[in-house]
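Heads up, the thing below is written out as structure tokens.
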Amino acid sequence: MTDLATQLAGACIAAFEAEGLDARWGAVKQSDRPELADFQCNGCMGAAKQAKMNPRELAAKIAPRIAEHEAVSRVDIAGPGFLNIVVTDAALSGAAEFVRSDTKAGGGAAPNPEKIVVDFGGPNVAKPMHVGHLRSAVIGDTLVRLLRFLGDDVTGDVHLGDWGLQMGLLLVAVEEEQPDLLYFDQSYQGPFPAESPVNMEDLSRIYPMASGRSKTDEAYAKRAQEAVAEMQAGRAGYRALLQHFIDVSVAALKTDYAFLDVSFDLWKGESDVDHLIPDVVQLFKDKGLAVESDGAVIVDIARQGENVAVEGKDQLKNPMPPIMLLNSRGGTGYHTTDLATIKDRVDTINPDRILYVVDARQAMHFEQVFRAADKAGLFAYDHLEHPGFGTVNGQDGKPFKTREGGTLRLADLNAMALEEATKKIGEANLSGDIGPDEKAEIGKLVARAALRFADLQNQRTTNYVFDLERFTSFEGKTGPYLLYAAVRIKAILRRAAEQGFEAGTIAIAAAEERKLVLALDGFALALRLAREKRMPHYVCEHVFSLAQAFSAFYAACPVLKDGVEPHVKASRLGLCEAVLKQLETGLGLLGITAPERM
RNA sequence: GCACCCAUAGCUCAGCUGGAUAGAGUGUCGCCCUCCGAAGGCGAAGGUCGCAGGUUCGAAUCCUGCUGGGUGCACCA
């Protein structure tokens, strides 16, 4: 059993093949003209063109074959050769029953499941997460949930940034504040205290200070660079202190992520693959790919037609800079750690594919890393993907800043959303006496739904405008609207149970019921597209249109009201169960949980 | 300079293999709670799909050029 669209496509494909034509013409989608039909097939025009036939004559041959399918009540030929398919009420009833009984609520399964690592291109240690990190967190988390749901074997890794200059800046700054710490005594080899000498507030204060100072104070910046090189070379005190920085930061990160219900299978970071770096560098040397240049070790990854010199110009045409395995101080940047991380994943997980859910601005970086990994035989180029995302902009179209000109911390964003959600729940006061504990819990769920849906509904690759007002609005195409739809269904089912009514066989009759089932039927397609394109917004579009269809049904089709015939009541209760099941499943993929009431 | 991404309703955004009358939300204007939760529903108005060519029976979608915006271009990640 599958969705109706797939069943009908099967019939259409068979019909085209019976005429000796390609199966691809048999694609079926829900009708653009709901007043004319439920589904449509547009293949006749294309097929006729290719086979040099008359499209309407071809349609006349195809249509009767489709009409034989038991779900079909009528096939019309329209315009130049559109096939308009109307399905029977019984077929829709069956489709709804399928959603109600299917463990995946009609979501289908991946045709080609893979073992996949999702890399979140994680936050940097010591830098608090800002609004931009919302995207990688919720997009990456949704992809993990989605792929796993459809049958892929997925490992999510936060991949912390804990190996670069920011660590050197911290080391230098902490040494300046607390020079007597054991960690800075080079003759001392440990053991070091288990307690961190700095907490998160210290790090949040120290890092911006050190970062700012390094931009004007050259000697300071140089000391930080040297500290990084020493840390990377393995200086014991620095490494022990680094671990404290990481532990302190991770604890803070987990709080912010938990608010969004984002979790990871692995909390690895750049520093975890430190021991593999010599092997990776050697691998490139052995393959003759690494060359020395200005004291650094680089790998040329340009292809034919790139880095072409143009007469009379300084700039190269189609530039593709080499990657740097080792800088002139012997240190490593994120090219090398990303390559070492690939090696680590091959050794420990051996995935079919790695996805990097990272800002689109890193596109060139990943192109370089992917090429290098492929050249060295570490990982196949076309099994490495960078599903990048756009930046979060302010009203002016530039990367978002607070009114004060600073970056908005994710923790503050979370807090604002929570405050707004709590306020709105209080104003609406829809469900009478809800205790303070439950109210607090509902507030969190509503705030999370608002934030996650606001971000995920945007097509992944485009930039979007950050608008807190819109994010936390409870009207229209928002997370809270979806929760509201789910909560209303739950209220009906709860009331039905109290009154002793049970769901029965679903029998579709009313126009709103037909539309609602057609909405249910689109779930598998939405999930398939979302997986193929790594685009969570298809899931958002689906759950929203499902919620809309339910709201229209709710307004037009009474379920428990007096005067509703028992078999209609039972059918509509069954339909409610099917809708709730799929709605909660879809919301679950988006990391959104509906409360019992709100 | 070179490369990548983007341009759709006043605003914020969808639009799967090229298909019929380009869709939502918001805002504006109507209507709908003696009846399952009005954070809702129904309706109206609102578009030269940046511009100009091309391919096609058919283009928001594919190709070329242009304009406008964003981003990136080896020792920070």
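Proteins get letters first, then strands, A, B, ... in listed order; numbering begins at 1 in each.
The distance from atom CZ of A:Phe16 to atom CG of A:Leu58, rounded to the nearest 0.5 Å, is 5.5 Å. Atom CD1 of A:Ile62 is separated from atom SG of A:Cys41 by 8.0 Å, given to the nearest 0.5 angstrom. Rounded to the nearest 0.5 angstrom, A:Asn42 CG and A:Cys12 SG are separated by 10.0 Å. Going from atom CE of A:Met209 over to atom CG of A:Leu170 covers 9.0 Å, rounded to the nearest 0.5 Å.
Regarding A:His335, its NE2 atom lies at a distance of 12 Å from the C1' atom of B:C76, rounded to whole Å. Separating the OH atom of A:Tyr481 from the C1' atom of B:G40 is a distance of 7 Å, rounded to the nearest angstrom. One can place CD of A:Glu532 at 11 Å from P of B:U17, the figure rounded to the nearest angstrom. Atom CZ in A:Phe474 sits roughly 17 Å away from atom P in B:A38 (whole-Å rounding). Computed from coordinates, the A:Lys533 NZ to B:A14 P distance equals 14 Å when rounded to whole Å. Rounded to whole Å, atom C1' of B:C76 lies 17 Å from atom NZ of A:Lys222. What separates CE of A:Met364 from P of B:C2 is a distance of 14 Å, to the nearest Å. At whole-Å resolution of the value, CD1 in A:Ile323 and P in B:A77 are 13 Å apart.
Other residues, nucleotides and ligands place more than 12 heavy atoms under 6.0 Å from the CD atom of A:Gln499. Counting heavy-atom neighbours within 6.0 Å of A:Lys569 NZ, excluding the residue itself, gives a total above 12.
For A:Ser328, whose side chain is taken as the heavy atoms from C-beta onward, the closest listed nucleotide among B:G40, B:G15, B:C75 is B:C75. When each of B:C75, B:C73, B:A14 is scored by its nearest atom to the side-chain atoms of A:Asn458, the top-ranked nucleotide is B:A14. Closest contact between the side chain of A:Ala552 and the listed nucleotides B:G41, B:C75, B:C73 involves B:G41.
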Could you encode protein contacts along nucleotides 55-63 of chain B as a string, one character per nucleotide from 5' to 3', using B for base contact, S for sugar-phosphate-only contact and - for no contact, with a heavy-atom cut-off of under 4.0 Å? -SBB-----
At under 4.0 Å between heavy atoms, how does the protein contact nucleotides 20-25 of chain B? Give one character per nucleotide, 5' to 3', with B, S or -. BB--SS
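Annotation: side chain to side chain donor-acceptor pair (under 3.5 Å) contacts of A:Asp359 (sequence neighbours excluded): A:Arg361. Partners of A:Tyr356 by side chain to side chain donor-acceptor pair (under 3.5 Å), not counting sequence neighbours: none found. In this structure A:Glu385 satisfies the side chain to side chain contact (heavy atoms under 4.5 Å, CB included) test together with A:Arg353, A:Leu355, A:Pro387, A:Arg534, sequence neighbours excluded. Evaluation of the side chain to side chain contact (heavy atoms under 4.5 Å, CB included) rule for A:Ser211 yields A:Leu169, A:Tyr207, A:Lys215 as partners, not counting sequence neighbours. Residues satisfying the side chain to side chain donor-acceptor pair (under 3.5 Å) test with A:Tyr220, not counting sequence neighbours, are none. A:Gln232 pairs by the side chain to side chain contact (heavy atoms under 4.5 Å, CB included) definition with A:Trp163, A:Val228, A:Thr332, not counting sequence neighbours. Taking A:Ala496 as the reference, A:Phe501, A:Leu560, A:Leu573 meet the side chain to side chain contact (heavy atoms under 4.5 Å, CB included) condition, with sequence neighbours excluded.
Backbone-only engagement by A:Arg329 is indicated by non-hydrogen atom pairs under 4.0 Å involving sugar-phosphate atoms exclusively. Nucleic acid contact class of A:Gly161 (heavy atoms, under 4.0 Å, all strands): none. At the heavy-atom level, A:Thr332 lies under 4.0 Å from the strands shown only through sugar-phosphate atoms. Among the protein residues, A:Val564 comes within range of no part of the nucleic acid, since none of its heavy atoms lies under 4.0 Å from any strand. Within 4.0 Å (heavy atoms only), A:Ser473 reaches no atom of the nucleic acid at all.
For B:A14, one of the phosphate oxygens OP1 or OP2 lies less than 4.0 angstrom from a side-chain nitrogen or oxygen of A:Thr462. OP1 and OP2 of B:C6 both lie 4.0 Å or more from every side-chain N or O belonging to A:Tyr464. Considering only side-chain N and O atoms, A:Gln459 lies nowhere under 4.0 angstrom from the phosphate OP1 or OP2 of B:C13.
Rounded to the nearest Å, the gap between the P atom of B:C62 and that of B:C16 is 9 Å. When the C1' atom is compared between B:A9 and B:U26, the two are found 11 Å apart, to the nearest whole Å. Annotation: B:A3 and B:A39 have their C1' atoms spaced 47 Å apart (nearest Å). Annotation: B:G53 and B:A45 have their P atoms spaced 31 Å apart (nearest Å). Comparing the P positions of B:A7 and B:U12 gives a spacing of 13 Å, expressed to the nearest Å. Of the P atoms belonging to B:A52 and B:A59, the separation is 15 Å, rounded to the nearest Å. Using P as the reference atom, B:G10 and B:G18 are 29 Å apart when rounded to the nearest Å.
Ring geometry for A:His386 against A:Phe366 counts as tilted: the plane angle lies between 30° and 60°, on a 0 to 90° scale.
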For nucleotides 69-71 of chain B, list the nitrogen or oxygen atoms of the protein found under 3.5 Å from its nitrogen or oxygen atoms, one pair per line.
{"residue": "B:G70", "atom": "O2'", "partner": "A:Asn463", "partner atom": "ND2", "Å": "3.3"}

Using atom names, set out every protein N or O paired with an N or O of nucleotides 34-36 of chain B below 3.5 Å, distance rounded to 0.1 Å.
{"residue": "B:C35", "atom": "O2", "partner": "A:Lys561", "partner atom": "NZ", "Å": "3.4"}
{"residue": "B:C36", "atom": "O3'", "partner": "A:Arg495", "partner atom": "NH2", "Å": "3.4"}
{"residue": "B:C36", "atom": "O2", "partner": "A:Val559", "partner atom": "N", "Å": "3.4"}
{"residue": "B:C36", "atom": "O2", "partner": "A:Leu560", "partner atom": "N", "Å": "2.9"}
{"residue": "B:C36", "atom": "N3", "partner": "A:Val559", "partner atom": "N", "Å": "3.0"}
{"residue": "B:C36", "atom": "N4", "partner": "A:Tyr554", "partner atom": "O", "Å": "2.3"}
{"residue": "B:C36", "atom": "N4", "partner": "A:Cys557", "partner atom": "O", "Å": "3.1"}

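Nearest heavy-atom pair, A:Met598 versus A:Pro595, reported as atom, atom and distance to 0.1 Å: CB-CG, 4.1 Å.
When the nearest nucleotides of RNA chain B are assigned to A:Ala363 and A:Val228 by heavy-atom distance, the more 5′-ward of the two goes with A:Ala363.
Counting only distance, with no hydrogens or angles, the side chain of A:Lys375 and the backbone of A:Asp300 share a donor-acceptor pair below 3.5 Å. In this structure, A:Arg329 contributes its side chain and A:Ala229 its backbone to no donor-acceptor pair below 3.5 Å. In this structure, the side chain of A:Ser473 engages the main chain of A:Glu475 through a donor-acceptor pair within 3.5 Å.
We find that the ring of A:Tyr484 and the base of B:A39 do not stack by the test of centres under 5.5 angstrom and planes tilted less than 30°.
Ionic pairing of A:Lys477 and A:Glu541 is present here: one or more N-O contacts between side-chain nitrogen and carboxylate oxygen are shorter than 4.0 angstrom.
Base orientation of B:C6: anti, since the glycosidic angle falls outside 90° of 0.
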Would you write out the dot-bracket form of RNA chain B, 5' to 3', with Watson-Crick and G-U pairs under 3.5 Å, [ ] for crossing pairs, | for pairs to other strands and . for unpaired bases? (((((.(..((((.....[...)))).(((((.......))))).....(((((..]....)))))).)))))....
